[in-house]
Amino acid sequence: MSDELSRPRIIAGNWKMYKTIEEAVSFIETLAPLIGKSQAAVYLAVPFTAIQPAVACVKKLKAKITIGAQNMSDAQEGAFTGEIAAKMLVEAGAQFVILGHSERRYLFHEGDAFINRKIKRALKTRLEPILCIGETLEERNDGQTEAILEGQLLGSLEGLSTDEVARVRLAYEPVWAIGTGKVASPKDAAVAHRFCRNVLSDHWEKGLGDKVAILYGGSAKPENAPDLLAQKDVDGLLIGGASLSAETFSEMIK
Ligand code: PGA
């Protein structure tokens, strides 16, 4: 647990569009013995095709790894070629879903209102949403980081009750740090996380911000993980590139 309020510690891998079924299964077989009795919850957001085989592999090995997805549709079902529904993810064994990742926001033009509908759908379907938020370099240089974070939080979580917001995990991922090798300083990450907590407490209910787990993401690696995780407002990591090797990923879990 990351603090006295019992927020979970979560080390999550986001594989993006990497790993076939065979590669996913072999990764989990390598990772399972390496994580041992880790105190942190280990999450893996795998490609859709690998969800079911990954869940089966985790079960077989009795490994404490939670499998999830990287995106989903806002609709319950329908004529949406190429989309995937929350209930399909649940049926495949997914327990969480990453929503609003910056690659979805910027490459696929997803906005807060759309992400908001996905969050609501995930909660209704009992999938745990991990909502990603974060500013671009230009926005940071313009001194807009807080305005961007607040706008994304209020837009993506609009209409949710306090209890519902408490079921959402956040990932603060500065866009300029994703896949660039430029990690946010532990202090900058801590300041952003604290700011997000204050937004939740101010707009929903006093104290809510301290109940929500907030992960940091963006070029997290074994070398910078300890300093980031030492910040009391950083509850875990969402890891892209460094989650693709079981050895590297397990170092960060330890
Ligand atoms: P990165 O990606 O660790 O490769 O920077 C993080 C993410 O996109 O979630």
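Since the model is a prediction, treat every value here as computed from it, not as a measurement. Atoms within each ligand, like the ligands themselves, are counted from 1 in listed order. Any value given below was found using the heavy atoms of this structure, including those in side chains, with hydrogens, waters and symmetry copies removed.
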Please check if the side chain of R105 supplies one atom and the backbone of G134 the other of a donor-acceptor pair under 3.5 Å.
-> no
If we number the atoms of ligand 1 from 1 as shown, the ones under 4.0 Å from a heavy atom of G179 are 1 (P), 4 (O), 5 (O)
Proximity of C132 to ligand 1 by residue part, where a heavy atom lies under 4.0 Å | neither
Can E77 and K87 be counted as an ion pair, charged N to O under 4.0 angstrom?
-> yes
May I ask you to check if ligand 1 and I178 share an N or O to N or O distance below 3.5 Å?
-> no
Is the shortest distance from a heavy atom of K221 to ligand 1 less than 4.0 Å?
-> no
When you check the gap from the basic side-chain N to the acidic O, do D235 and R7 get nearer than 4.0 Å?
-> yes
Any idea which part of N14 is under 4.0 Å from ligand 1, heavy-atom wise: side chain, backbone, both or neither?
-> side chain
Centre of F114's six-membered ring, under 6.0 Å away, within 45 degrees of the axis: is that where NZ or CZ of R117 sits?
-> no
Among all protein heavy atoms, pick out the one at the shortest distance from atom 4 (O) of ligand 1; state its residue, atom name and that distance to 0.1 Å.
-> G241 N, 2.8 Å
So, E251 side chain and T248 main chain: donor-acceptor pair closer than 3.5 Å or not?
-> no
Sub-3.5 Å N/O-N/O distance, H101 and ligand 1 = yes
Under-4.0 Å salt bridge between R194 and D210 | yes
Closest non-hydrogen protein atom to atom 6 (C) of ligand 1, residue and atom name please, with distance?
-> G240 N, 3.5 Å
Salt-bridged, E103 to K16, with N to O below 4.0 Å?
-> yes
Going by heavy-atom distance to atom 7 (C) of ligand 1, choose the closest among E173, E103, Q70, K182.
-> E173
Looking at G218, which atoms of ligand 1 are within less than 4.0 Å of one of its heavy atoms?
-> 5 (O)
Please could you name the atoms of ligand 1 that A177 approaches to less than 4.0 Å, counting only its heavy atoms?
-> 5 (O)
Can a salt bridge be assigned to the pair D188 and R140 using a cut-off of 4.0 Å between side-chain N and carboxylate O?
-> yes
